[in-house]
Structures are given as C-alpha cells and as structure tokens.
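What follows is a set of notes on a single structure, which appears directly below.
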Amino acid sequence: MNDRTIKRTLLPPRWAKVLRDLWEHKTRTLLVVLSIAVGVFAVGMIASTQQLLSRQLMDSYLGVNPGNAVVATTPFDDELLKSVQRMPEVEDAAARLSVITRASLGPGRWRDLTLFALPDYENIAINLVRPESGPWPPPRNAVLVERNSLPLLEAGIGDTIVVELPDGRQRELVLAGTAHDINLPPARFTNQAFGYVTFDTTERWGFPRQYTSLSITVAENKDDAEHIQQVTDQVKDKLQSGGRTVSFTWVPTPGKHPADEILPAIFLLLGALGLLSLLLSGFLVVNTVSAILAQQVRQIGVMKTVGARSNQLIGIYLGTVLIFGLLSLLVAVPLGVLAAYAFTDFLAQILNFDVVYEGIPLRALGLQVLVGLLVPLLAALWPVISGARITIREAISSYGLGKGRFGHGPFDHLLLRMQRWLPFMSRPLIISLRNTFRRKGRLALTMLTLTLGGAIFIAVLSVQVSLGRTLDDAVAANNYDVFIGFDRSYRQDVLLDEARMVAGVAVVETWGGGGVRRVRPQGGVSDDIRLQAPPSDTQMVRPTLLQGRWLLPDDENAVVLTSNVLEDEPDIALGDTIRLRSGDKENDWVVVGVTQSLQEQPTAYVNQAHYARLEGGAGRANFLRVLAGSEDPAEHKRIAADLEAHFEGRGYQVGQIGTMSENLEAVEYQFGILVALLLVMTVLMALVGGLGLMGTMSINVIERTREIGVMRAIGAATGSIMQIIVVEGVLIGLISWLQAALLSLPLAKLLADQVGNAFVDAPLSFGFSTAGVGLWLGIVVLLAAVASFLPARTASRLTVREVLAYE
Amino acid sequence: MFKFRAKTKSNGLAVVEADGYRHGNTHLIDLRGVSKSYATAAGDFTALRQIDLLVDRGEFVAVVGKSGSGKSTLINMITGIDRPTAGQVLIGDTAVHTLSEGQMAVWRGKHVGVIFQFFQLLPTLTIIENVMLPMDFCNTYPARERASRAMALLDEVEMTEHADKLPSAASGGQQQRVAIARALANDPAIIVADEPTGNLDSKTADAVFQLFQRLVDEGKTIVMVTHDDELAHRAGRTVTIADGLIVGDTGQGNGGMVNGEQLMGNG
C-alpha cells in the first residue's frame, strides 16, 4: 500500500490525473517522448541548418560583391580593362591574372595550384578576397593560400613550397599566410588549390603585367541572367575585337552562391527523411494512446458516471498527448539547435564561409514546435475520440483477461491449425505466435513503423552502393588512367610514338577536342560545353547510356551528350539537330545518345575523323588518353609526371595533365559527405523503429499483466513467461524485416534516382544493398529482443498477488 | 394514471406536463413499461421486460435477485448508463431516455450519485481529488469552494485524515466511504449503488449501510442492488427481480408475487 501523502495542488483534479498518469508510467512516457523527440530533432536540425546556412551563405556571398559574369581570355592590359569599365551596360569590371601551376607535395607528387595576381589588394572592387593570416598584400615571392585549400598543399604557414610554372620552370614561394575567397569552388570538391600573389612575383617569373580573366557587374537588371549574358557577350565581343581570344565565359545564377544549386536538394532529401521519422513516431503515439485508453477504459466509465462529458475526456487525453509533445520539444529543440550549429559549421567549412550565430533560428524553432505538437495530436485524435465515446455500460462491463480479438478470421484459423501441422511447437511458442496477432491494429502500426524504418535503412544503404557503382561506372566509362591536353594540335602518329616511349604506358589513344557552345534556335548561346572527339574504335570511353546509342564508326555529324548538357539546355531531345559553335565555325549535329556523367563540365562526344575534317586538321590531335599497365593510382601519377617530362623535354606544349584517380577523389569525397548525411538519418530511423517496438511490447505486457499472473498462478516459470514475450517481439521483428526487405527494393530505386537526378543530373547506376538487408535483420532482431526483454523482465518479476489485484 | 401531453421545448428535451413533476410523474423515479434487449451471438437476450417502478423521494430501495436477473440493467436505466429498448424513464423533471449522451453526462453528474461494488476510485488521484472530480466535470461549485466542500464530505464519512493519500493507501471500507463522498459531491437527489457492500466484510458493510441510512434520513433517495438479504431487509423497501420482471416489491401491493427470499432460495 502506498500511504504517502501527496501535496495538494491548485490544479483541477482532471489535470492532476493527467500529470500523475504520465509520472506513474515513466517508462512509457519516456519511450513516447523520445520517439517524438527523434522525429522533431531530425526535422529541427534540418530546418535550422537550412535557415542558418542559406541566410548566412547568401549574406557572405553578397558581402564580397560577386561578379555577375567571368570572362577568361588571352592576356589583356589596363587599357582594355578601362574600355570595358567605360561600357554603359557595365557597372564595374575587375581583372586578374591566373597562372596555372602545380605545387610539389614531395618527390613525384603534385597538386594543381592556380595562382591569382591582383593589381591592387587594398582596393578589390568585385569578388572581394579577404586577408586571413600573414602579411597583406602578399610580399614578393610569397603566396597567400586560399584557406580552404591549405590542407591540400600539405604545408604550413612559413614553409617554402616549390611550384612548377606552365612552361615547366620551377620556382620557390614562401607560404606567407592565408586569404579567404568565397567565390572559389570548395577545394576538396575539385582537388585543386588556389593562392594569391602580386604582379611583382609574376613579373619576376616572366609574365607581363597583364590579365587573363575579367569579372564584371552589370549596371542594370542584376537579377536577370539573360540580360547579364547579353552584356557578357558584348564584353566578349569587345575583347575579341581587341584581338583577344575568349576561352570561356561564365554567368553564375544571379545572387546565389554556386553551392545553392545543390543545397536545396540535400535539405529536401534530409528533410523528407526527418518528416518520415516523425510520421513513424506518430504511429507509436497512436499505439500508446490506444493502449492508455484501453487500459483506462474503466476509469473513463467512472469519470463519465460522475459527470464527465465526452469532450472533457477528449480534452484530458489530448492534454496528455500535448504534454508528450511538449516534453519531446524540451529534449528535441536544444539538441536540434546544437546539432544544427554543428551541421552548419561542417557545411560552412566545406563551402568555405564563416558563420556568425545570432540567436536561435526562430522560423525553424516555430516549425519544430508546430510539428512536435501537431503530429502527435493528429495521430492521437482518432483513438482519443473513439476511446472517449465508449458508453459507460461498455466501459464498466469490460473485464477479464487481455484484450484483442484472436480466433476470428481465416488467418487466425490458420494459426490455430498450425499446431496440428507442427506438433513440435512448444506451448509458450504457440502462445507467442497467437499473442502476436491478437491486437491486429496495434501490430499493423508497429509493423508499419519497423517496416518503413527498415526499408529506408536498406534503401539508404542501397543509395550508398549505387553511388559506389556510379563511380565504378564512371571509371569504366573513362577507361584511361592519364590524360594530357596540349596547347596546340600535333600529328597523331608522332604523339602516339612519343607516348609509347614512356615506361608503364600500355595503351594510348589520340583525341581531338575543344570548347564549343550551343547556338540556341531562339537566339543566344549556351555556356561552354567540352567537346571530345575520340577515335571511332576507341577503347577508352564506354559511358553508361541513358538514352539512344553510342557513336558508330560511320557516324559523321552524330553527337552524344552528357546528361548535364540536357540539364542546362532542357529543350534538346534525342534525335534533335543542334548547332555547336567552335571559334568562328558553326556546325550542325544530330543528338544520337545521352550518357551519364560525373564530370562537372557538360560534354559532347563526336567522332574524331569527322571533327578533324571540320576543323581542317585531319591526322592531327591535341589530347592523349593513356591506359597504364598497373591499376595503382600512385603509378598513374608517376606515369603522368614522366609523360609530362618526356613531352616537355621534346618541346611539346603540355597544357594540362592529370590522372583519373585524382579526378575521382573529389567526386568520392562529395559522395562520402552525402552518404554520411544519409546514414545519420538512417540511424535516427532505426532509433524510431526500435522505440516503437519497445513501446508496443511494453504496452502489450502491461495490458496482459493479469494474464501473466494467471499463467504464473498455474505454474509458469519465469523463463517461460520471458520466452513468450521475447519470442513475440522477435517474431514481430522478423516479419517486419521480411516486409522491409521487399519494400526496400522499389524504395531504394526511387531514392537512388532522386539522389542521382539531384546530384549528378541523372539516375545513379542502381545497386541493391544485400548487406543492408542482412544488417537490418541483425539490428531488428537485436532491437526486438532488447525491446521485449525489458518489459518481459518486469513482468516476470511481478508476484501473482500483484498482478491479480483488481485495479 | 397520469395524463401525458408530450411536446418539445426549445432546448430539445422532451417534456411531459402533468400534475406532479414536469413530465406528469408524481414520483421522483418513474419507470414506465421499460424493456431492454441485447443482441448477442446466441440471439437476442431480454434483460428487462415491461418494468414499471415508482420510487418516491426519501425512499431506500434494495433491489435483489439472482445473477443475470436484470438488477444491474434496472439501475443502469435509472442512472442513464443504459437506455431502454422500449418504455420511459422519468427521473424528477427529466425524461432520461430522451437525453443525448452529452446531456446525459451532465444530468447524471448533477442528479445521480453512483457507487460501485469495487469503489472505482481513480488510482492516480488523491482521495480529496477523487471527491472533487464530479464538481470539476460538472462545474457545479466555484473552483475555490470545491476543496472545502470535498473536505466537508470526507468529514461526513470520517475520511479527512486520509484526504491527501492515494486510494491504494486506504482499506476497502475506507475506499467505499470515499466513493460515497464522491457520489454526494454534486449533492444529487438520488444515490444508486451497485452492490456497495459486496466487497466488504460484514462490519464494514454495516458501517456503510448506516451511512446510507443517514443519507436517507437527510432526504436522499437510495436505490441499492445487493445480494445481502439482511441489508435488503433493513432497507425500507425491497424490489425483487427475476428474469427481467419485478416479481416482488415490499413497497407496493405485491399481490401473489413471490418475495425476494423465496426467489433467492433463502426462504
């Protein structure tokens, strides 16, 4: 007997009852609160991060006065710069010199390093670069490295690094400090480092005091990409009429950081998973509230007898649910904000901008409060209304052992017959089996929670597999290890002979190529498209085709496009004729195929022979693709270095050189981030599933307490009782696993397609994670065993007197 | 017989005008031709057959009968817990059988106090909170007066010292006294008790019975289902039910009906 005196409260008795009921069933309250909290946490973390990140990214980006367009050209001087600045359509223009170098990381190891020389570090008008550490501006023969790319150089401040200039000369530079330039792509995404030097330094290297890139801001309609493109074309014409060759122009989406293109997709994906986990916790609320109402049916009858109306009872039980929601907010909101700060910091570091936290993100907080209260209330609405409407007679007359309808319907009859077919089944196992299907509504919701949780778990792991397979396909599609681009074309047979002289080169092909632009039928031109012209019998490119076919040897004006070309030029369809401009020439091509591509730059493939004829350079090529005898990435780097030394030693002008493995490293890094984020959501999902099962099992056990008492009274040992309950839990887990495995296949395909479309502009090469299926089996059985063991242990400890005590 | 003239008032309640109460009934409790059938898997089961029962203000009525005879169904008709399949249930000014569920709850809370065999106190409310609960639901007394009224009622049943304890800290007899205090919370005219002493020892049962008698002396009307013959005898009137029919009634001219003792096999 509990003769403890309870302090009198000012609360009306019905609300005192609500609070004491919650306190009385602490474990149940905790499970429901945690389950809702997980969902609210996930939604809150994503929403807060999105709010913090997008606002701050935008502020940081606009704070550097980003250029509306960039034009890269052959060198030009101040005179030409001033003439652009004087154009009425141009608000301002700023120029810089870009020197493509590579920095030595050690013997035979290099990292691409682009050095920018700015004319006046104290007055940067467009694309502001800010000092971070070290002297400003950088002293002569010193470099300020963009802070995001410092780790790529594997050197510290004060160290001296060796850089190799485009002509092969090597020079030493003191790494004097760091600078911050939000305009540059994330270093880890490109595997490329950036640094800032003065013209004093570049002049000492022999570069004239001239510029190779121009950033402009337009005078009017700064948000109008089409207008900006028109002005950019005018600037380009001006430069070209001044005798310069424009290699490319780029108009970023006005007012948006380039990362803003991909962030919404990430947030949408994570947000959807967060909402789903909240939905799953809603199922637990349904189960718990139904159980509370079932358990309190007699109390409901008594309350109605003493004058409670159904509406008042609905108020009491919805009040209980509201408290679940409020408690979950207490847990989820602070954790969500903390996680959002950490997540924002992580993304800000990758995207290279600084976050200044000013208070908590209120809009996201509001969303959390809304979903944290609304989802449980909506989930509980039906069970509460139907529970509160029970008539007093039904409520008062409810008595006896356990609830649930078993023995009705064909499935129950099947279970009843199983005993005849499987005579070896023990009695406790038979009880477990039948108990599982007693509360079919509750079982369905628990099963739904576990099944969805499991299916998403497996689907996310399948996305990971698909990302890996997509990478593998990219490797297979680009079946070469080393690529070299020359600044001009050379005879193919000579290039082949020279390349074969280098040790380790197994197969070599010469390719043609260059930059082209699509001339749009409605006027204007597209961004730059990389044109690649492999030989018709090429072994080096086997892309994954999404539509149409690959190039045939006899094709002349056929072109195969990568999917991201279609992303930028959505009006192009298979079979269309498109016009591509290369320099002054324009040619029509028929689109015969579309391929998947991880390469950032949109690409068009055409047959080499036809391309060479069009360019007037039959038998000549400006690219080499090399397949090494070894699969070791280090060996590929060695071969690249040797090839470069070999060609440069013989007077060839090597423009670019690299290895496929280096290119893929950056993509792997991006995919890695994505997978890590998805896995976090998966763990949350598993957590909700586990809590759901634990909740259901505790409810089942509490509801059957009297039944357990009867079993004990007729001689059931502790072990038997525990076995009955644990086996029931594991059985639920196993059935849900089977369903999850089946459901996960279409779900994984859908998710992989969406992730692919969002991140690589095409569905991923689908792979199903059978390991994920196995892993979920282990997890769900473990979860089920633990979830049912705890209430089973509590139940088995009850004495017969306790469990049979009435009310 | 009374003259009935049914009409509907603006509040939607069917009202019967007559010489006594508003519905023409002269007794506080007036059951007229009440029948109740239930559909069961084994076919229809008739729990009450054309029952007529009049109970006046201040009467103490014991309802006796075997298990399944229809006792509980009868008192469920009086409390409005169940509705008749046919017939009328007139309690004071109210035609109970015409009330909606919501109206019924409010009416019951204010006019009928119900006492159960197993006390049915809410386990997570203290004893005083259990007594305050009907006032809370029916909003019958100003909020600040409810605690003092509950204490006064607990004082009547000698339970004030346990006011702030949970029901589990009280004995069966004590819990039943609290249940009586709760039944009196809204000062109802009628107390309906379903085997209120069925779960108590004879000494405690006697104490509870004395409490009932005091309430009757104070003007309350009590209808009590019991299996206890002695208690039934001590009530002012005994109504005996068998197979859904009133077969004995010591308060009415019972003609050739058997009395309760004969029916229960005790006589």
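Residue numbering restarts at 1 for every chain, and letters A, B, ... go by the order of the sequence lines. Values in this document were obtained by computation on a predicted structure and should not be read as measured data.
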B:Leu121 versus chain A, the contacting section by heavy-atom distance below 4.5 Å: neither
Min side-chain heavy-atom separation A:Lys304-B:Val114 under 4.5 Å: no
Residues forming a salt bridge (charged side-chain N to carboxylate O under 4.0 Å, His left out) with A:Lys17, sequence neighbours excluded: A:Asp21
Heavy-atom contact with chain A under 4.5 Å, split by part of B:Phe119: neither
Inter-residue atom distance B:Thr124.OG1 - A:Leu19.CG, 0.5 Å rounding: 10.0 Å
Contacting moiety of A:Ile300, where chain B heavy atoms sit under 4.5 Å: neither
Test item: A:Thr391 and B:Arg83 side chains (from C-beta on) under 4.5 Å apart, heavy atoms: no
Distance-minimising heavy-atom pair for B:Thr126 and A:Arg20: N-NH1, 3.8 Å
Rounded distance [0.5 Å steps], CD in A:Glu24 versus CG in B:Leu166: 7.5 Å
Residue part contacting chain B, namely of A:Ser310, when any heavy atom lies under 4.5 Å: neither
Non-hydrogen atoms of A:Ala308 and B:Ala105 that approach each other most closely: O-CB, 3.3 Å
By ring-ring contact (aromatic ring centres under 6.0 Å, His included) - contacts of B:Phe60 (at least two apart): B:Phe209
Any side-chain heavy-atom pair of A:Thr305 and B:Gln120 under 4.5 Å: no
For chain A, which residues of residues 133-147 of chain B have heavy atoms nearer than 4.5 angstrom: B:Leu133, B:Pro134, B:Asp136, B:Phe137, B:Cys138
Non-neighbouring partners of B:Glu195 that pass salt bridge (charged side-chain N to carboxylate O under 4.0 Å, His left out), sequence neighbours left out: none
Side chain / backbone / both / neither for B:Ala163 at chain A, heavy atoms under 4.5 Å: side chain
Closest contact, heavy atoms only, B:Glu129 versus A:Ala16: OE2-CB, 3.7 Å
A:Lys26, NZ: over 12 other non-hydrogen atoms inside 6.0 angstrom: yes
Greater than 12 external heavy atoms within 6.0 Å of B:Asp243's CG: no
Nearest-0.5 Å distance, CD of residue A:Gln296 to CG of residue B:Leu122: 8.0 Å
